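The structure presented is a predicted model; accordingly, all values stated were derived computationally and were not measured. Counting begins at 1 with the first residue of the sequence.
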Amino acid sequence: MPRSTTAPRWLVRRRERPETAANLYVFAHAGGSAGEYLRMWADDLPGLTVWGVQLPGRSARLAEPAYRDLRALVDDLVEQAPFTGPCAFFGHSFGALLAYETARALHREGRAPGRLVLSSCPPPHVIGTGRRDAPMAELPDDELIAAVEERWGPLSDQVHDDPRLRRLVLGPLRADIGVLESYTPTPGPPLPVPTTLVCGTDEEGLGLDGWSRHLDRVTDRIALPGGHFHFRADPAPLLDVVRDATGSLTPTEQTGAPARWTT
């Protein structure tokens, strides 16, 4: 993707909290916008400055072309986005993979986040071996919507009824799914960042235990009530998880007992 001559606005926030000790960087789901998470969380996590990672091709960056390759996206994020201070990454679904790969790249530079919270995302080796003979990203609009709803849950009624909104939603969604479908994990040692894994109780076949091949310090595995978007009906349980995970953002944080599933 060609570099812009102006600095892109990778990070957005709703509340400025200069008194907070740590930053939380939120990576949205496929086709998602940082705004959804900022609206839900900015007021309910007063101990953190909550930043949304805003990708091109949507919201305020709608005029910019979306990325088609995860490696290029991560490279530009690491080079251009100012991830600073003690911080944690939260990612949901596609955003969890992006958060993990960004953390890996930052770790190679000696500036990894202090914590990860990864939600509703299969481990990289599972994503990298998915079926590609009939890519979702290439489906016609109606078939793409049906496939997305079967896999991840219903889209809003407006997406079905409003042609303009449908274009705005399906453009970044199609791009992000294409990034997932072209993804191939690169070999390397497990990432030594303390990580909490989260999923919905109604999700099946994610294989979250397989993340142990890619993460050296999985501290918790937590199943919250609901499906893929378990936090939309009731964000409180996930907010509690984030508070617990980010309560101690220090380089020397250690884990004791092996991680266990919590429901």
Side-chain angles (χ1 to χ4, degrees), residues 11-17 19-29 32-53 83 85-100 102-103 112-123 152-153 191 193-204 206-209 211-212 215 217-263:
L11 304 177
V12 292
R13 64 184 176 184
R14 194 177 183 194
R15 295 281 183 269
E16 182 176 2
R17 290 197 172 100
E19 75 283 0
T20 58
N23 295 311
L24 175 68
Y25 297 100
V26 178
F27 296 72
H29 54 277
S33 168
E36 176 179 356
Y37 297 84
L38 294 178
R39 286 190 296 272
M40 288 191 300
W41 293 8
D43 293 331
D44 292 322
L45 294 170
L48 298 165
T49 298
V50 182
W51 296 89
V53 177
F83 298 112
C87 70
F89 286 1
F90 169 85
H92 180 68
S93 196
F94 165 78
L97 179 66
L98 179 56
Y100 161 76
T102 303
R115 293 282 303 192
L116 292 176
V117 180
L118 305 181
S119 171
S120 299
C121 182
W152 293 307
L191 181 65
V193 174
T195 302
T196 297
L197 299 176
V198 184
C199 68
T201 53
D202 297 340
E203 293 187 277
E204 298 180 358
L206 285 179
L208 293 190
D209 288 339
W211 271 103
S212 61
L215 297 166
R217 299 173 63 189
V218 176
T219 61
D220 300 282
R221 298 179 177 93
I222 301 171
L224 300 177
H228 188 68
F229 288 101
H230 47 81
F231 51 84
R232 283 179 169 167
D234 182 8
L238 181 56
L239 285 168
D240 287 341
V241 170
V242 172
R243 289 189 195 97
D244 289 344
T246 58
S248 177
L249 286 172
T250 63
T252 57
E253 181 182 26
Q254 300 293 326
T255 66
R260 297 181 180 180
W261 274 105
T262 303
T263 58

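- By the side-chain hydrogen bond (donor to acceptor under 3.5 Å, both in side chains) test, Thr246 is found to be paired with no residue, residues two or more places apart in sequence or in another chain being considered.
- The shortest side-chain heavy-atom distance between Leu38 and Val26 does not fall under the 4.5 Å cut-off.
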Quiz item: Do Arg221 and Ser212 pass the side chain to side chain contact (heavy atoms under 4.5 Å, CB included) test, and can you show the C-alpha distance, the side-chain angles, and the key distance before you say yes or no?
Solution: CA-CA 11 Å; Arg221 298 179 177 93; Ser212 61; 4.3 Å; yes
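- Minimum interatomic distance between Cys87 and Tyr25 (heavy atoms only, all atoms of both residues): CB-CE1, 3.6 Å.
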Exercise. I would like to know whether Arg115 and Thr219 meet side chain to side chain contact (heavy atoms under 4.5 Å, CB included); could you show each step before the answer?
Key: CA-CA 10 Å; Arg115 293 282 303 192; Thr219 61; 3.1 Å; yes
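- Considering all non-hydrogen atoms of both residues, Leu116 and Ala99 come closest at CD2-O, 4.4 Å.
- Within the 3.5 Å criterion, the main-chain N or O of Ala42 finds no donor-acceptor partner in the side chain of Arg14.
- Take Arg243 and apply the side-chain hydrogen bond (donor to acceptor under 3.5 Å, both in side chains) test, not counting sequence neighbours, and it matches Asp240.
- At least one side-chain heavy atom of Phe83 sits less than 4.5 Å from a side-chain heavy atom of Leu11.
- Contacts of Thr102 classified as side-chain hydrogen bond (donor to acceptor under 3.5 Å, both in side chains), with partners at least two apart in sequence or in another chain: none.
- Tyr37 and Phe231 have their aromatic ring centers within a separation under 6.0 angstrom.
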Quiz prompt | Working for side chain to side chain contact (heavy atoms under 4.5 Å, CB included), residues Leu118 and Leu215 | solution = CA-CA 11 Å; Leu118 305 181; Leu215 297 166; 4.2 Å; yes
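- Ser120 contributes no side-chain N or O that, together with a main-chain N or O of Cys199, makes up a donor-acceptor pair within less than 3.5 Å.
- When all heavy atoms are compared, the tightest approach of Ala103 to Phe89 is N-CE2, 4.0 Å.
- Applying the side-chain contact (heavy atoms from CB on, under 4.5 Å) test to Ser119 and every residue at least two apart in sequence or in another chain returns Phe90, His92, Val198, His230.
- In plain terms, the two heavy atoms of Ala34 and Ala28 that are nearest each other are N-CB, 4.5 Å.
- Side-chain atoms of His228 and His29, non-hydrogen and from C-beta on, never get closer than 4.5 Å to each other.
- For the side-chain hydrogen bond (donor to acceptor under 3.5 Å, both in side chains) test, residues two or more places apart in sequence or in another chain that qualify with Asp43 are Arg15.
- Listed by chain and residue number, nothing satisfies the ring pair (Phe, Tyr, Trp, His ring centres under 6.0 Å) test with Phe94 (two or more places apart in sequence, or in another chain).
- Atom CG of Asp202 is separated from atom CG of Leu224 by 11.5 Å, given to the nearest 0.5 angstrom.
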Practice problem: Assess whether side chain to side chain contact (heavy atoms under 4.5 Å, CB included) is satisfied between Cys121 and Trp211, documenting all intermediate values. | Solution: CA-CA 9 Å; Cys121 182; Trp211 271 103; 4.1 Å; yes
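- The minimum heavy-atom distance between Leu238 and Trp41, with the atom names listed, is CD2-CZ2, 3.6 Å.
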